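Encoded as structure tokens, the structure appears first; notes follow it.
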2 protein chains.
Amino acid sequence: MTYFDAASSAPPHPVAREAFLAAWEEGWADPARLHREGRRARLLLDAAREGTADLLGCRPDELSFTTSGTRALHTAIAGSGAARRRVGRRLLVSAVEHSAVLHSAETHRAAGGTVAEVAPDRTGRTAVADWTAALTPDTALAVLQSANHEVGTEQPVEGVAEACAAGGVPLLVDAAQSVPWAAVPGRWSLLAASAHKWGGPGGVGLLVVRKGTRFAPPEPHDEREAGRAPGFPALPAVVAAAASLRAVRADAATEDARLRALVRLVRERVPREVPDTWVVGHPEHRLPHVVTFSCLYADGEALLDGLDREGFSVSSGSSCTSSTLTPSHVLRAMGVLSEGNVRVSLPRGTTDAEVERFLTVLPRVVAGVRDRLAGPGGAASAAAVADADPAAAEVEVDALGRRCPIPVIELAKALPGLPVGSVVRVLADDSAARLDVPAWCEMRGQEYLGEEPLADVGPTAAAYRVRRSH
Amino acid sequence: MTYFDAASSAPPHPVAREAFLAAWEEGWADPARLHREGRRARLLLDAAREGTADLLGCRPDELSFTTSGTRALHTAIAGSGAARRRVGRRLLVSAVEHSAVLHSAETHRAAGGTVAEVAPDRTGRTAVADWTAALTPDTALAVLQSANHEVGTEQPVEGVAEACAAGGVPLLVDAAQSVPWAAVPGRWSLLAASAHKWGGPGGVGLLVVRKGTRFAPPEPHDEREAGRAPGFPALPAVVAAAASLRAVRADAATEDARLRALVRLVRERVPREVPDTWVVGHPEHRLPHVVTFSCLYADGEALLDGLDREGFSVSSGSSCTSSTLTPSHVLRAMGVLSEGNVRVSLPRGTTDAEVERFLTVLPRVVAGVRDRLAGPGGAASAAAVADADPAAAEVEVDALGRRCPIPVIELAKALPGLPVGSVVRVLADDSAARLDVPAWCEMRGQEYLGEEPLADVGPTAAAYRVRRSH
């Protein structure tokens, strides 16, 4: 088995295991107690805090250990929002933040606050100028990831931090994906990260609140972790997290260069060797280990399943792999194809041979999925509108009740059978169609005419109109 | 070293270590992912949930793994309060709950809710009749511990649950101290517990919300753990928690009997062998492993230190061991002496010899502390009011700025030098005096006349008046 889902959770680092076992013997008592066992636990906790703060570029008393990166983000947003309530109740976030940020934003909105989003370009990157323009005087907090978890695009955090500092608005950086590689530079105010992203154990997050940042702990009072993470600490896990962060940082530069070369290989070869496939994300400003692409006429869940059978574990931002049946908000915000989406994120130590084998297997897996779906290139393909009058001005393709990528497949099968200038109306209620039909048109150079809601059919149902332009 | 602070955090169970290591290999991936590693993690999580639910007497889908007992309590109170907001905003708690409950109650009050407390008797036990009387129709939630963490007194949970069920009020049981021993019986609605209390790792709590209980997750939306514990799970730790709970339950009956006998020994011998010492807590309705006593004319911190030097780790509810400088709210609610308070909580496997050695060492340690403090029985004792007119109707003892147990020591030294009928006014600003002066009077059969605030001296300053009655 080859695990290519490090951006979701990295395989445990051997150092984490060693540190955990040592701390398990020495650090199980309550570090707030005065007795010997408590003092020993306290020493371990203090050492973990000092070591980790050093790697983050902050002071130990600015760092709280939380129980997850998600929790660190929730607490940071609630705590900053509460402390700056009098300044304003506007939260400014990028549209491609982690769902933990967007869910916090929903909570903020439900409590009477407002939320503004900074949109990314088609590579997933936001622009400093857009942040500067969006920083109003009533902005309580700005939130930006250091790098995107789905497409690997790095954000201009240092520039945005500068703009925020100039505007007197604290910036929270979600550094979950980049902290294993390097400290986040710049004048940010708050930072969140998560240990299981670098090979530490689950159950440990980091929250940094720099001195001078106004912060009101949102939870019921608790003396631990500066009031920012109530509850008995997960001490052996915290020690394991600290030790493994130090270990991964020690050879981060080497691994960065090595994995970056492998990612470049995937980015070059996948679109060349798999037809109708698009690589997404910024070509230069990117994480070393993450590469994402989307395959037309393929179903993300089936691709994951096919790759799993071939021994590869990857993830997908397609709606057909999620319980919510909406495509990844990241791909949506970028306005790129979501169907057949595959994220490959290489763990440290990934070999050239593993990537080579992946590249060998992938075309076969994609072709197999397309074949089963009877896409335009599949063996079982049949023109859905074979009987349509070729002179008709407008043809309807009914894909209601059918999940992605069927609506796009039906469109792609129908259009070539019609005269140039004809219009196809694709009826679909899978919300991925809203993203994928226009994306298909752009890729194919066909004209997307827009969508019409079909409210009487259902809340997500719409007719998507496409004109054959060549 | 002998660790007698199991009620704070139990030493790790060997089974927990084994389970952690196995889950560390198999369960580091995201259980929400579809790939092989994700599915393996999911299996481990499901098995841990089923096994733990079985031991708690609930359904697996009623149990969420949180990151601490504190967090489980915070979430339970906030989530119940939000769901029953239309019923009312009154929270009913016992006065001897864990600080996590009382801090949640403060948050509830700050948000516009009201909080009512059910007072315990002098053993720390609350009465079902008092709960029944306090259950008004606008009560959103009642909260009661299964057993008290400081004095070991068990609460009549089953009866209170019955009263709550009859009144249509959900009951949250804080079962942190008792879950290692047995499932909580009765018709309670919510339950919280914490793994490090039974030898599992820190960073794992349990929250049960029984079917039919109205609950609105208070956190930003998250799909994990029924929305009740956002963030990536601490999976190896959860597996270790589940395995160790099963292990401790397997021999709970044997250990209960064994430790109960040792606790009985301590309860009998301490007041007999250490002068001016009172055992607190209920004599029968109690946890098997916890015993608490208070020593007049002694300073809790010095006792802890003295016992630590003799190789015993215990804890204390005295104000002189806490950063807040207020005595334990539990002892305060019970109205018992707080000075020189010592809690002994025996971990599983404690031997007769260890307890015997503790009982041998204790009188010497207490005497040493009293000696250094120059208490009434100490060598350096001197009458603080030696020059006072013996015929004076009222004598003042100034203990302002002096920490517990000095105010009581000065009172005890002054009173015998005065004629019967005289009054001593003890001036003190250590808030423990509010508890300890009346407690001393009751123990000594002297007449406590009440306190007068000294607002011009400070917020906690008061004059405590005592009449010599014999």
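Predicted model only: the values in this text are computed from it and were never measured. Computed over heavy atoms, backbone and side chain alike; hydrogens, waters and symmetry mates excluded. The chains referred to below are lettered A, B, ... by the order of the sequence lines, with proteins before strands, and numbering in each begins at 1.
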So what's closer than 4.5 Å to chain A heavy atoms on P233(B): side chain, backbone, both or neither?
backbone
Using a 4.5 angstrom heavy-atom cutoff, name the option from G27(B), P12(B), G203(B) with the most pairs to chain A.
P12(B)
Inter-chain contacts: residues 31-41 of chain B against chain A, heavy atoms under 4.5 Å:
R33(B), L34(B), H35(B), R36(B), E37(B), R39(B)
Applying a criterion of heavy atom separation less than 4.5 Å, what residues of residues 218-231 of chain B form contacts with chain A?
E219(B), P220(B), H221(B), D222(B), E223(B), P230(B), G231(B)
Okay, V238(B) and chain A: the region with an atom under 4.5 Å from a heavy atom over there is neither
Spacing of F232(A) atom CZ and S9(B) atom OG [to the nearest 0.5 Å]
3.5 Å
Interchain contact, D5(B) with chain A, by part (heavy-atom threshold 4.5 Å)
side chain
For each of P201(B), A29(B), P236(B), tally heavy-atom pairs with chain A at distances under 4.5 Å, and name the one with the top tally.
P201(B)
Is the shortest side-chain heavy-atom distance between L21(A) and L21(B) below 4.5 Å?
yes
Between A110(B), A10(B), S8(B), which shows the greatest number of heavy-atom pairs under 4.5 Å with chain A?
S8(B)
Answer yes or no: is there a side-chain heavy-atom contact under 4.5 Å between R17(B) and W24(A)?
yes
Pick from S68(A), G69(A), S316(A), A100(A): which one has the most heavy-atom pairs with chain B under 4.5 Å?
S68(A)
Does any heavy atom of chain A fall under 4.5 Å from the side chain of F20(B), the backbone, both, or neither of them?
side chain
Chain A contact via S313(B) - side chain, backbone, both or neither, heavy atoms under 4.5 Å:
both
If you count heavy-atom pairs under 4.5 Å between each of E25(A), H196(A), M1(A) and chain B, which one has the most?
H196(A)
